[in-house]
Amino acid sequence: MQYRPTEIEPKWQQRWAEARVAEIDVTASGQKLYMLNMFPYPSGDLHVGHGRNYILGDAVYRYFRMQGRAALNPMGWDAFGLPAENAAIKRGTHPRVWTLGNIERMKKQFARWGILYDWSKEIASCEPEYYKWNQWLFLQLYKRGLAYRGTAPVNWCPQDQTVLANEQVIDGRCDRCGALVEQRELSQWFFKITEYADRLDAGLDTLEHWPEKVKLMQRNWIGRSLGADVDFHVPALGKPVRVFTTRPDTIFGATFMVLAPEHPDVPVLIADHPDREEIERWITVVRNHSALERQEAGKEGRFTGKTAINPFTEEEIPIWLGNFVLPQYGTGALMAVPAHDERDFEFAKQYDLPIRAVIRLTTGDTTLPFTAKDDTGIAIDSGPITGLTVPKAIERIIQIIEERGLGKGTVRYRLRDWLISRQRYWGTPIPMIYCEKCGLVPVPEEQLPVTLPLDVPFTGREGNPLAKHDAFVNVACPQCNAPAKRETDTMDTFVDSSWYFLRFITPRDDQKIFDPVLVNRWLPVDQYIGGIEHAILHLLYARFITRTLHDMGLLTFEEPFTRLFNQGVITKEGFKNAHGSWVAPAEVQWRDGKPYRGDDPLTAEITKMSKSRLNVVPPDELIARYGADTERVYTLFIAPPEKEAAWSDDGVVGAFRFLGRVWNMGVALSETAANLTIDKQAPTANVTRKMHQTIDAVTSRIERFEFNTAISALMEFSNALADAPSRGAYEALLKLLHPFAPHITEELWAMLGHDDLLLTSPWPVADPALMQEDTVVIAVQVNGKLRGQVEVAAPAVEEKVFEAVAGNEKIGAWISGKEIVKRIYVPGKLVNLVIK
RNA sequence: GCGAAAGUGGCGGAAUUGGCAGACGCGCUGGACUUAGGAUCCAGUGGCCCAAAGCCGUGUGGGUUCGAGUCCCACCUUUCGCACCA
């Protein structure tokens, strides 16, 4: 009987679905475990690269099930977003129809991979029953002053005609379409995440089971820096200008001041400047520059003609405007210490401004500029702090600044408030109303949800189609009943995903966002799995919203995800022509080992598997030929799961052959009459040992997410078993293999006469006593030279080792009267006895 | 520029606390079975060498140690993240 995966896999998928094996009663008791894969954007077809994420999660889920845990593994859809709207514009289908169609396709795909989710808890963020609670959340934040409307310079994508969060601007470009982002002053809705900056930063220290990399990225993004605010008096203004510095110890070297062109005092400072108009023109140019253009322009500045008084040297120092000073950070003004700051140095050189060293390096190096932030720097020519090391000088000067009332020690963050307005249709309507009389009026909670109208035209021009939907826009003011207008902006979809993990516990509750008692029992999520691309955006927002709900008294925890795992991407060779366009592999011809399309030479490149690069491997064909189990085993075996992995169509057959061998062994064991010679029950001592070693290895490797070596251990076990088949050991193999290859193992389990599901049978337990080797080889080294080897029975306590070695005729002579330096005993390995 | 991670066969990758480098798999070579093989099975496969013995081998150069892929110092390369954040 041959292994034919396509004949057995659908059967088991149906069995699992009919038995509703993954459905869980959240009110029942049991040792709970909440597993979660980041819910996907329903973009359409899944390829084998996507599969890694879900296959990995399913393997872990099945393992915990077999360990007897009450494991919840839900799935939902991050269903709002731009691609649905773009598809609507391009093809004339409604975003909702397009989205729901994709969801259906993707659900089928999950089933074909043999992935078990508790579909009774499915959610889709585009449904009113879900986004109603987005709106509710918005209103709670509004009530607490955490959602506000503000005018701010925002990132504007001219291509997508919408504003973008800072997080969505990559290298000065829109992360969706790649267009150069412009700066615009617009009135928008913000969430006040900055109020939580310190807690979000401090909380990272409690996340023991998060990748260091992600924590570091978040820490850098939050950008906490310790320093001081200091006032510099400006006679021309008759008031001080405040600067922020992380290096107050260098204040004696502050030889000029630089303001952002946007700084509010600038108009007054340049009011009587002879070249005022030129400066104003320059300011306008700088303001309209994107962040990228601003940096590419190099350092530029203008002298205001005014001066400030350095409060410590009491010198008059010139006040400049500089394009490199960011209006959003600190106070938008800085004291320039060119001797000890590279940017200030560059600016000083360019405009010939004075440079004064106020730190001496203990290394003796005097090349300026240098920034000695540690004990290698000593303050010089700095009045009361002269002679102190930099850290001590900072501490002391802040004291003096505070005593003299010049300012105070402060903490500043790079993090900015979260801009949530989008001028887009396919998102959650922001539940606010503009009334001429009453001003901003929140939609009363009992009127939620503010439903997104479905009958809108999609032209792709003139901004948000919602704004042209009169029935939606025109509304009576909830306070005075006068005609008023709805907010037509929708929310950033990151709002949807910032709390969805709470909703899975009670997904159909139409009275409240979630049940606090159940949520506090089931959360935080024990194991969260998803891509590293969400290291900042999604995870930071989720941590923020969790804290706001905690502060509302609804949650008892502040961190939503206890363990986080980021799987690496799957890569494959893609082909580019001379213009940089991707070419489908089917069109590629190879000549002299080089790729061509027709006569056009192509370049081959290993890149992330994606639709746009035309290098995707669709799972359908693969599954039709080798089965889902083969894809699963190969995907997990290919590389450590956190690493990038190159897909190889050849490599797949290795997994298929392995499963084929397991299959043949099972068939042979089940055919009693034909195989009377096979010992069907008791494994040999060698196999027993190997079995217990394998149980131990696979168990600990799954716990550590080392699936590639877990599978290699199973291959070794299977190879050992092939020489001495036995039913007991084979059944252990099936159990250990089940999380990776669920269909074939269920089939073989049934073939061996079991009528329960393998999924529900208990995970095997390793007996450490049975894992030990019978004998160990001792290598004897005398004075660094290998003198011989001797074999002793295990378990060999150290005395036994010594007796055996001393009793050995050859080796005994070498070691008589010498001192034993070290004995090393490792079960299953070579043992060294080191003698001097 | 700053920060982090990583460099091991033709390839993906193994290797608790320093203890037989290259597990497992792909590919390749030879063989078996076949009308056939892009199926299956068996054997071999780091390099030098006809082979054995032997020698050399974990990015480069030093060091510690009886012993280094692993620890320390310097350097090179690659990848990722941030990027005028005062």
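Lettering of chains follows the sequences in order, A, B, ..., and the numbering in each one begins at 1.
The aromatic rings of F656(A) and Y626(A) stand perpendicular to each other, their planes meeting at an angle above 60°, with 30° marking the opposite boundary.
Taking atom P in both rA68(B) and rC55(B), the straight-line distance is 15 Å, to the nearest Å. A gap of 42 Å separates the P atoms of rG30(B) and rG62(B), to the nearest Å. The gap from the C1' atom of rU17(B) to that of rG13(B) amounts to 23 Å, rounded to the nearest Å. For rU45(B) and rA52(B), the P atoms lie 10 Å apart once the distance is rounded to whole Å. Across the P atoms, rU70(B) and rC20(B) are found 14 Å apart, a figure rounded to whole Å. Of the C1' atoms belonging to rA53(B) and rC48(B), the separation is 14 Å, rounded to the nearest Å. Of the C1' atoms belonging to rG59(B) and rG7(B), the separation is 6 Å, rounded to the nearest Å. Comparing rG19(B) with rG67(B), their P atoms are spaced 14 Å from each other, to the whole Å.
Scanning residues 250-265 of chain A for heavy-atom distances under 4.0 Å to RNA chain B yields an empty list.
Between I193(A) and D417(A) the shortest side-chain heavy-atom distance falls below 4.5 Å.
Applying the 4.0 Å criterion to OP1 and OP2 of rU40(B), one finds that R657(A) has a side-chain N or O inside that range. Between S712(A) and the phosphate of rG13(B), there is no side-chain N or O to OP1/OP2 separation shorter than 4.0 Å. For R661(A), a side-chain nitrogen or oxygen approaches OP1 or OP2 of rG25(B) to under 4.0 Å. Contact annotation: R414(A) side-chain N/O to rA83(B) OP1/OP2 distance is under 4.0 Å. Using a 4.0 Å cut-off, some side-chain N or O of K643(A) falls inside it from OP1 or OP2 of rG13(B).
Listed by first residue number, the stems of RNA chain B with at least three Watson-Crick or G-U pairs below 3.5 Å are B:1-7 with B:76-82, B:10-12 with B:24-26, B:27-32 with B:40-45, B:46-48 with B:54-56, B:59-63 with B:71-75.
Applying the salt bridge (Lys or Arg N to Asp or Glu O under 4.0 Å) test to E395(A) and every residue at least two apart in sequence or in another chain returns nothing. Checked against salt bridge (Lys or Arg N to Asp or Glu O under 4.0 Å), E706(A) has the following partners two or more places apart in sequence or in another chain: R704(A). Take R613(A) and apply the salt bridge (Lys or Arg N to Asp or Glu O under 4.0 Å) test, not counting sequence neighbours, and it matches no residue.
Base orientation for rG9(B): syn, the chi torsion being within 90° of 0.
Shown here is R219(A), whose CZ atom has more than 12 heavy atoms of other residues, nucleotides or ligands within 6.0 Å.
Looking at K299(A), its side chain comes within 3.5 Å of the base of rC84(B) through a donor and an acceptor atom.
The nearest whole Å value for the distance from the CG atom in D650(A) to the P atom in rG12(B) is 14 Å. Across the protein-nucleic acid pair, Q567(A) atom CD and rC80(B) atom P stand 17 Å apart, rounded to whole Å.
Between E212(A) and K215(A) there is a salt bridge, since at least one side-chain N of the basic residue sits less than 4.0 Å from a carboxylate O of the acidic one. Between D265(A) and R242(A) there is no salt bridge, since none of the side-chain N atoms of the basic residue sits less than 4.0 Å from a carboxylate O of the acidic one.
Note on E342(A): nothing from the nucleic acid sits closer than 4.0 angstrom, heavy atoms only. Within the nucleic acid shown, L326(A) comes within 4.0 Å of at least one base atom, counting heavy atoms only. Within 4.0 Å of N708(A), counting heavy atoms only, lie sugar-phosphate atoms of the nucleic acid but no base atom.
Pairs passing the side chain to side chain donor-acceptor pair (under 3.5 Å) check and including a residue from residues 636-648 of chain A, sequence neighbours excluded, read W647(A)-D649(A).
Geometrically, K299(A) does not engage F347(A) in a cation-pi contact, judged by NZ or CZ lying under 6.0 Å from the ring centre and within 45° of the ring axis.
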